[in-house]
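To start, the structure under review is shown below, and the notes come after it.
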Amino acid sequence: MDWGFDLWDQQDVIERHTQCGLEQLERYVKFVKERAEIEQNYAKQLRNLSKKYSRRGVKEDQEMKLTNQQAFQEVLNELNEYAVQREQLSENMTVTICVDLTKNLHELRQERKNYFLEIKKCQQNLESTIKQLDLSKKRFEKEWKEAEKAIQQTERIQQDPNTTKADVDKAKQQENSRTHVADASKKDYALQLQKYNNEQNNFYHSEIPSALKKLQNMEERRIRMLADGYVQFSETEKTLLPNINKCLDAISTAGRNINEKQDTAALIEQYKSGAAPPADVEFEDYSQSVKTTMNNENTAQLHKARIKLLFHKKNKITSPDKNTPPSVEDFTGLPPDQRKKRLQDKIDNINRELQKEMEQSEAMNKMKGVYEQNSKLGDPSSLEPQITETVQNIASLKEKLNKYQVHTHITHTHVFI
């Protein structure tokens with residue numbers, strides 16, 4: 001199927017069709033741009049959502065390290081990474097589809113314009129030729145009529161008995177002149193007709209088919225560009241699916257890693273006081289009238305103290321008064337188990353600091369020995385201030401360590417009154 005031969009007389013249809021095709025390509029570019037903007041806005045909203053629900057600076061949560069809270073934070077982190085992939089999708093769509101198709105669209109418009117200018121130029125040449133043909137035809141018609149008049153005039157003169165030989169010769173001369181001009185115009189008309197037929201044949205069988213074939217090829221390339229654009233629209237997202245699935249898999253893994261028993265045990269570890277439940281209330285024998293008043297007062301105080309200890313809010317027990325100094329280092333204000341845990345944390349931290357200071361001390365002593373063996377490398381006395389400071393730090397840390405170790409060995413039993 002060929003536009004040049006099958007649609008040679010449908011140039012208006014081809015012109016409208018190719019224009020609609022370019023508009024379709026432009027429409028698709030706008031569609032992809034809007035899709036990219038949607039992805040960009042979606043990514044921004046996901047980032048804001050992740051930021052909104054992230055728990056930062058909640059010390060209690062950080063200390064307890066509950067698996068369900070850690071998993072939710074992992075969900076938010078992966079959601080943020082998911083947003084990065086959506087941003088990448090937006091960028092890839094813009095670069096791989098919109099930029100290339102916009103460039104191709106501009107080139108196709110210019111190419112289409114050139115082809116129709118070529119057709120228009122051929123039409124103008126053909127119109128110019130047919131004008132020349134019309135002029136030569138009219139000239140031939142006019143000259144032939146004049147020649148016929150001259151022939152008729154000659155015949156009338158010859159038939160008139162009163163005419164002289166000079167009149168006849170003059171009429172024949174005029175006839176010959178007109179006939180010669182008519183023959184010349186006839187030949188010119190024939191040449192112009194042949195020229196026009198040749199150009200018309202070339203126009204309808206060569207120039208128009210060639211131009212329309214080029215437009216057909218252009219249209220097929222436009223359709224292929226659009227088809228490739230549709231494929232790229234899908235493939236661009238497919239290339240990011242592994243990363244997107246990785247984010248989603250990480251979220252699933254975070255959910256599977258939640259340990260409900262570990263989380264409930266963490267609450268025990270964090271808040272267990274180690275105190276024994278209150279003992280049974282003793283029977284008070286009111287028959288002993290001597291101690292009744294005193295026992296009544298003691299019983300009332302006992303019940304108040306018991307209720308206060310059982311139902312008083314935790315923060316009021318552990319939080320110091322605003323007018324008192326900061327909590328002491330032995331954590332005496334905490335319940336026994338919590339106190340033991342805090343003291344052990346202190347011991348572990350001091351041991352780490354002590355190990356670091358001892359390693360530093362050992363390194364400086366070795367360096368001092370090297371300097372003493374070879375003074376060119378450095379002055380041994382320059383290390384004395386640092387060595388002295390390290391020794392003092394070690395002594396201070398050992399003193400603190402000993403203090404906390406003593407505290408951990410002291411039994412503090414918290415018994416309800």
Side-chain angles (χ1 to χ4, degrees), residues 16-58 61-62 65-113 215-259 263:
R16 288 195 303 271
H17 178 77
T18 52
Q19 178 60 31
C20 290
L22 294 179
E23 290 174 356
Q24 171 65 16
L25 186 59
E26 182 180 20
R27 189 164 172 246
Y28 179 65
V29 171
K30 290 180 179 179
F31 162 76
V32 176
K33 284 182 178 179
E34 289 189 20
R35 167 67 192 278
E37 289 175 1
I38 290 173
E39 290 294 343
Q40 189 69 32
N41 293 333
Y42 179 44
K44 183 179 179 181
Q45 291 175 349
L46 289 178
R47 285 182 181 277
N48 292 336
L49 182 66
S50 177
K51 183 178 179 181
K52 177 181 178 181
Y53 284 92
S54 293
R55 295 172 67 102
R56 295 185 178 90
V58 183
D61 291 346
Q62 294 172 356
K65 297 181 180 178
L66 300 178
T67 59
N68 66 88
Q69 294 177 354
Q70 291 177 338
F72 183 57
Q73 187 58 49
E74 183 65 21
V75 169
L76 296 176
N77 293 340
E78 291 302 328
L79 185 64
N80 196 63
E81 180 60 29
Y82 182 85
V84 172
Q85 300 305 318
R86 307 316 299 192
E87 285 179 337
Q88 187 64 46
L89 174 61
S90 174
E91 181 179 350
N92 291 350
M93 282 185 173
T94 301
V95 173
T96 61
I97 300 178
C98 295
V99 173
D100 290 344
L101 286 185
T102 299
K103 178 183 177 183
N104 293 335
L105 178 62
H106 176 74
E107 292 175 352
L108 288 175
R109 279 176 172 162
Q110 187 61 43
E111 183 178 353
R112 175 180 176 276
K113 180 180 178 181
L215 285 168
Q216 182 179 2
N217 293 336
M218 183 204 75
E219 175 66 3
E220 290 173 356
R221 281 188 288 112
R222 180 200 67 81
I223 295 172
R224 177 44 49 194
M225 289 176 188
L226 194 59
D228 292 341
Y230 295 160
V231 174
Q232 285 180 327
F233 185 78
S234 172
E235 295 298 326
T236 301
E237 187 162 0
K238 281 185 179 180
T239 56
L240 295 175
L241 284 180
N243 293 336
I244 292 175
N245 289 334
K246 185 177 179 181
C247 296
L248 299 176
D249 290 341
I251 292 175
S252 298
T253 301
R256 296 188 187 100
N257 288 340
I258 293 176
N259 188 325
D263 284 0

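These numbers come from a predicted model, not from an experiment.
- When all heavy atoms of Y82 and L46 are compared, the pair lying nearest together is CD2-CD1, 3.4 Å.
- Partner of L108 under the side-chain contact (heavy atoms from CB on, under 4.5 Å) criterion, out of E219, K113, M218: M218 alone.
- Ion pairing between R221 and E111 holds under the 4.0 Å rule for side-chain N and carboxylate O.
- Scanning for side-chain hydrogen bond (donor to acceptor under 3.5 Å, both in side chains) contacts around Q19 gives E23, R112, with sequence neighbours left out.
- For the atom pair CG of L79 and OG of S50, the computed distance is 5.5 Å after rounding to the nearest 0.5 Å.
- Under a cut-off of 6.0 angstrom, the local environment of OH in Y230 is crowded, with over 12 non-hydrogen atoms contributed by other residues, nucleotides or ligands.
- Of all the heavy atoms in L22 and R109, the pair that sits closest is CD1-CG, 3.7 Å.
- The shortest side-chain heavy-atom distance between R47 and V84 falls under the 4.5 Å cut-off.
- No donor-acceptor contact under 3.5 angstrom links the side chains of Q45 and N41, judged on distance only.
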Counting only pairs under 3.5 Å, give me each side-chain donor-acceptor contact of residues 241-256, with atom names and distances, residues two or more places apart or in other chains.
from	atom 1	to	atom 2	distance (Å)
N243	ND2	Q85	OE1	3.4
N245	ND2	L241	O	3.2
S252	OG	L248	O	3.2
T253	OG1	D249	O	2.9

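- The CG atom of L89 sits 7.5 Å away from atom OG1 of T239, with the distance rounded to the nearest 0.5 Å.
- When all heavy atoms of V99 and V95 are compared, the pair lying nearest together is CB-O, 3.5 Å.
- Checked by atom type and distance alone, the side chain of T67 pairs as donor or acceptor with a backbone atom of N259 at under 3.5 Å.
- Separation of atoms CD (Q69) and CG (D263) is listed at 7.5 Å; rounding is to 0.5 Å.
- Within the model, atoms CD of Q40 and CD of E87 stand 5.0 Å from one another, a figure rounded to the nearest 0.5 Å.
- Using modelled atom types, no side-chain atom of Y28 and backbone atom of L226 make a donor-acceptor pair closer than 3.5 Å.
- Within the structure, the salt bridge (charged side-chain N to carboxylate O under 4.0 Å, His left out) test picks out the following pairs touching residues 230-243 (sequence neighbours left out): R35-E237, R86-E237, E235-K238.
- Partners of F233 under the ring-ring contact (aromatic ring centres under 6.0 Å, His included) rule, at least two apart in sequence or in another chain, are F31.
- Judged as a ring-ring contact (aromatic ring centres under 6.0 Å, His included), and not counting sequence neighbours, Y42 has no contacts.
- Note on residues 95-108: no pairs pass side-chain hydrogen bond (donor to acceptor under 3.5 Å, both in side chains), not counting sequence neighbours.
- Annotation: side chain of V32 is not in contact with side chain of L101 (no heavy-atom distance under 4.5 Å).
- The distance from atom CZ of R27 to atom CG of L105, rounded to the nearest 0.5 Å, is 14.0 Å.
- Going from atom CD of E37 over to atom OG of S90 covers 8.0 Å, rounded to the nearest 0.5 Å.
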Exercise for the section: Output, in order, the C-alpha distance, side-chain angles, deciding distance and verdict of side-chain hydrogen bond (donor to acceptor under 3.5 Å, both in side chains) for E81 and N77. Expected result: CA-CA 6 Å; E81 180 60 29; N77 293 340; over 6 Å; no
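- Closest of all the heavy-atom pairs between V29 and C98 is O-SG, 3.9 Å.
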